[in-house]
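Right, one structure below, let's go through it.
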Amino acid sequence: MSSTVETSSPLLDGLNPQQREAVLYRGHALLIVAGAGSGKTRVLTHRIAGLLESREAWPSQILAITFTNKAASEMRERVQHLVGRAADGMWISTFHSACVRILRREAEQFGYSKSFTIYDSGDTRALLKRIIKQREADVLGFTVPSTAAKISKLKNELADVDSYARQANFNDPNEVMFAQLFRDYSRELSAANAFDFDDLIAQTVYLFRAFPHVAAEYQKRFRHILVDEYQDTNHAQYALIRELTKAPEMPDGELFSAVQPASLTVVGDSDQSIYAFRGADIRNIVEFERDYPGARVVLLEQNYRSTQNILSAANAVISNNFDRKDKKLWTAVGDGEKIVGYTGYTGHDEAQFVADEVQKLRDAGMAYHDMSVFYRTNSQTRALEEILIRSAIPYRVVGGTKFYERAEIKDAMAYLVSVANPADTLSVRRILNTPKRGIGPATETSIATFAENNGMTFRDALRYAAELGLGPKVTGAIAELSDLLDEAYELSETRRDGSGVPEVLGLLITKSGYLDALRASRDPQDEARAENVEELLAVTKEFQRNNPEGTLLDFLTEVSLVAAADDLDDRSGSVSLMTLHTAKGLEFDAVFLTGVEEDLLPHRMSAGEPGGPAEERRLFYVGITRARKRLFISLAMTRAQYGDVSVALPSRYLQEIPAELIEWKQSPGMATSRGGTQPRALNARRDGYGGAYSIPASRGSQANKPKTEWSNRVTGQVRDNSALVLEAGDRIKHTDFGEGRVMAVTGEGAKRIAEVQFDTAGRKRLLIKVAPIEKI
DNA sequence: ATCGCTCGGGTTTTT
DNA sequence: CCCGAGCGAT
C-alpha cells in the first residue's frame with residue numbers, strides 16, 4: 001500500500017536526500033544506519049508524522065520504542081509539535097513500559113494479577129541474599145552479584161529454570177546449586193506477584209508465544225513499529241520485536257490471513273553499541289538484512305551536531321575497530337576549535353583543570369547547562385565534586401546513587417507496595433521493623449512459619465498476631481502495623497480519583513511513626529533522610545497533578561521505570577556530571593572527557609574480555625560525539641583508589657586521535673618532563689609515550705610557569721569557614737594556589753563567593769565556606 | 001532486641 | 001575508601 005507523500009510537504013523541508021528517503025520509504029522493513037548527530041530523531045518523528053498525515057495509519061496503530069523515558073518523551077513532544085493531539089493515541093515508550101502496559105492488561109491470562117510489582121536490582125539482590133543464605137550456597141562460592149548477573153543473563157537469552165535445568169550438568173554441584181537458586185528465585189517472584197526487570201520483556205515474549213490469540217491482537221493493532229537504538233537490543237527484546245512483526249496467526253485459519261505483518265523501522269549505529277554487558281547483541285543490527293529479507297537500508301552520515309575537528313577525532317578513533325562497516329561522519333559547519341588536552345598530576349589536579357575551563361567558558365558566555373563532564377566510573381565523581389564545590393560552580397550528578405535507591409525512599413516505597421500488592425512479601429518484611437517496633441528476626445521467622453503452615457501470605461499472617469504466642473508488646477506492634485496497612489488500603493480504594501497517592505503515603509509515613517523516628521534521631525544524616533521522604537511526598541503530589549486518574553499502582557510503575565538520564569532537567573543552570581553510558585543520546589556545547597587512562601578507559605575489567613577493548617573504544621567514541629563545539633580531554637598521572645594512589649598511564653585510545661587535532665595545555669610528555677618531584681617510576685614508565693604527543697611551540701610558555709599553578713596537593717579535610725569575613729582588598733593564602741588578593745565578594749551566607757586574583761595561579765572563584773584559605 | 005564497634009572484602013558500565 | 005557482616009555489650 002505505497003501511497004506517496006508529496007515531495008513538497010513541509011515535513012521534508014530542510015532534510016537531506018538520505019533523510020528524505022528514510023522518511024518516505026514504504027515497505028515492510030527499513031534499517032536506518034544513523035551516525036551520531038545525523039538527525040535520526042528528526043527522521044523518525046517526520047516519518048511518523050508522514051504516516052499520519054497521509055492517512056496510512058491511525059495514531060493507535062503506531063508503536064515507537066526507545067530505551068529511556070527521556071528519549072520517549074522527547075520524541076512524543078516532537079511528534080506533537082508536528083501533528084498535534086493525534087500524538088496522544090500513539091504508544092511512544094520504552095521497551096519496559098510498553099511491556100508493563102501489555103502485562104497489566106494480560107496478567108490474568110497466565111496466573112498473575114494486574115497489581116504485580118516490579119523488582120529493581122536492589123530488590124532482586126535482597127531476595128537472592130535470603131535464598132543464598134537459606135541454601136547455604138555461599139560455601140560453594142555463590143555471591144549475590146554473580147548469581148543475579150547469571151540469572152539476568154539467562155533471562156535476556158530467554159532461558160528459564162526448566163530450559164536451564166535441561167541442559168545443566170548434574171555432576172557439577174555448582175550447576176545443580178545454581179539451578180536450585182534460580183528455581184527458588186523464580187518461585188519467590190511469582191509468589192510475590194512480582195516481575196524483575198528482565199522478566200518484563202521475557203514474560204511478554206512467553207505470553208505471546210503461549211497465547212497466539214493474545215499475540216494476534218497486538219500484531220493486528222500495531223501496523224508500524226519503530227525501534228530506536230536498535231544496536232542495544234538484547235535477545236529478548238529482539239524476540240519481542242520479531243513476535244510483534246509476525247503475521248497474526250488465526251485459530252481457524254483464513255479469517256485474518258489478509259492481515260499483513262506490521263512494518264518495521266529500526267534505527268541504530270553499531271559504533272554506539274555499548275551495552276554488551278547487559279546482553280545487547282550487536283548482531284541484531286548487523287544481521288538485520290538477513291532477518292528481514294528485502295529490507296531497505298539508508299545511511300545517514302551527515303552530522304548536524306559537531307565541528308569537523310571533533311568528528312575527525314571520532315572517525316579516527318572508531319576506525320580502529322575492525323569488523324565494522326566503514327562510515328565517515330562529516331559536517332558542513334567547518335573545523336571549529338581544536339580539542340584541548342590536559343594531563344594532571346592527580347585526579348584533583350585534573351578536576352581543577354575542568355573547573356577552570358568551565359569557568360572560562362562561562363565567562364565567555366556559555367551557560368552551565370550546556371556543559372557536561374563525563375567519566376567512566378561513578379567513583380570518579382568525588383574528586384570532581386570536591387573541586388566544583390570549592391570553585392562555586394553549580395553542578396548536578398546525573399544518575400549515580402539515585403534518589404529511588406536511597407534506603408529511606410525504598411522504605412517508604414515498601415509501605416506503598418505492601419498496600420498495593422500485599423503478596424509482595426519482600427516489601428512487607430522490609431517495613432516489618434522499620435521504624436523499630438521491637439520485631440526482631442526471631443519474630444519474623446515465626447510469622448513466616450505461621451504463614452507457610454496455614455497456606456497464607458506473610459501479609460495475612462500479620463492479622464493473626466495473637467495466635468503466634470508472642471509477648472504482648474510485640475503482638476500489639478504487629479496488629480498495629482496490620483491495621484495501618486488495612487487503613488491505607490481502604491483509603492487508596494476510596495480515593496481513586498484525585499488525591500489518593502499522596503494521602504496514602506502521608507498516612508503511612510506519619511502513622512507508622514517512620515517520619516517521626518527519623519526526625520527524632522540523633523544521627524545528623526537522618527535529618528536529610530526525613531527531608532528525602534518529604535521530597536517523595538512532593539513527588540507523589542506532582543504525579544497526581546499530572547495524572548489525576550493515576551492509581552497507586554501507576555505511580556509505583558512509573559517510579560520503577562525511571563532511568564538515570566530521565567531526570568535531567570535541561571534548564572537547570574548546572575553543569576552535568578555523568579558516566580559515559582548515561583551520556584549516550586545526549587549532546588552538549590562543551591564536553592569534558594575525564595580519566596582517559598589505561599585501566600579506566602578501557603576499564604581494567606573489560607580489557608581482557610573478548611570484544612572488551614572494542615566496546616570501550618565505542619564508549620570513547622560516544623563521548624567524543626556528544627560535543628557540539630568544544631571538546632576537552634583530560635587524564636591524570638596518578639589516580640587515588642581505595643585510599644592509596646597508583647600510577648596511571650595514558651589510554652591507548654589517546655594516540656588514535658591525530659596529533660594535529662589536539663592542543664595540549666599539558667601533554668602526558670610535558671607533565672613528566674619537569675618531574676623533579678615526581679617518583680622515578682612514573683618517568684620510567686612513560687618512555688614511548690612522550691614522543692607521541694607534539695608540544696605546540698606556541699604553547700611553550702605554559703610549560704615554563706611555576707609549578708605551583710597546578711599543585712597536586714589538595715587537602716581532603718572538611719573545613720568550615722562560615723565565620724571568615726572577607727572583603728575586596730583582603731590578602732589571603734590558599735593551600736593550593738598560594739597568596740592572592742580578594743577582588744570581590746558576592747552571595748549570601750553559606751554561598752558567599754570570593755573572586756580572588758592569585759599572584760601566580762591566576763584568577764579563581766572560591767566558595768568561601770569550604771575553600772582551604774586563610775586571611776593574612 | 002538494639003546499638004555500636006571492628007574487621008574484612010570489593011570495587012564497570014544500567015534499562 | 002566505603003559497605004556490610006558479625007560480634008559483644010547493654
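These numbers come from a predicted model, not from an experiment. Here is the naming used below: chain letters follow the sequence lines, and residue numbers restart at 1 for every chain.
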Measure from the side chain of [X], starting at C-beta and using heavy atoms only, and say which of [options] lies closest.
X       : options                   : value
P145(A) : dT14(B), dT11(B), dT12(B) : dT11(B)
R278(A) : dT13(B), dA1(B), dT15(B)  : dT15(B)
T377(A) : dT15(B), dA1(B), dT12(B)  : dT12(B)
R382(A) : dT15(B), dT13(B), dC2(C)  : dC2(C)

Worksheet item: Looking at dT15(B), does its base get a donor-acceptor pair with the side chain of H96(A) below 3.5 Å?
Response: yes
Do the rings of [X] and [Y] sit parallel, tilted or perpendicular, given the 30° and 60° boundaries?
X       : Y       : value
F288(A) : Y230(A) : perpendicular
F632(A) : F592(A) : parallel
F543(A) : F555(A) : perpendicular

Strictly below 4.0 Å: does [X] bring a side-chain N or O up to OP1 or OP2 of [N]?
X       : N       : result
K129(A) : dA5(C)  : yes
N69(A)  : dT15(B) : no
N378(A) : dT13(B) : yes
T443(A) : dA1(B)  : yes

Discussion item. In this structure, how many angstroms lie between the P atom of dT12(B) and the CD atom of E598(A), rounded?
Written reply: 17 Å
Worksheet entry | Quiz item: cation-pi between R626(A) and F374(A), 6.0 Å / 45° | no
Worksheet entry | Residue whose nearest DNA chain B nucleotide is more 5′ - F197(A) or G440(A) | G440(A)
Worksheet item: For Y275(A) and dT13(B), are the ring centres under 5.5 Å apart with planes inclined under 30°?
Response: no
Item to complete: Could you tell me whether the side-chain ring of F67(A) sits stacked on the base of dT15(B), using a centroid cut-off under 5.5 Å and a plane angle under 30°?
Response: no
Worksheet item: What does R376(A) touch in the nucleic acid at a heavy-atom separation under 4.0 angstrom: a base, only the sugar-phosphate, or nothing?
Response: base
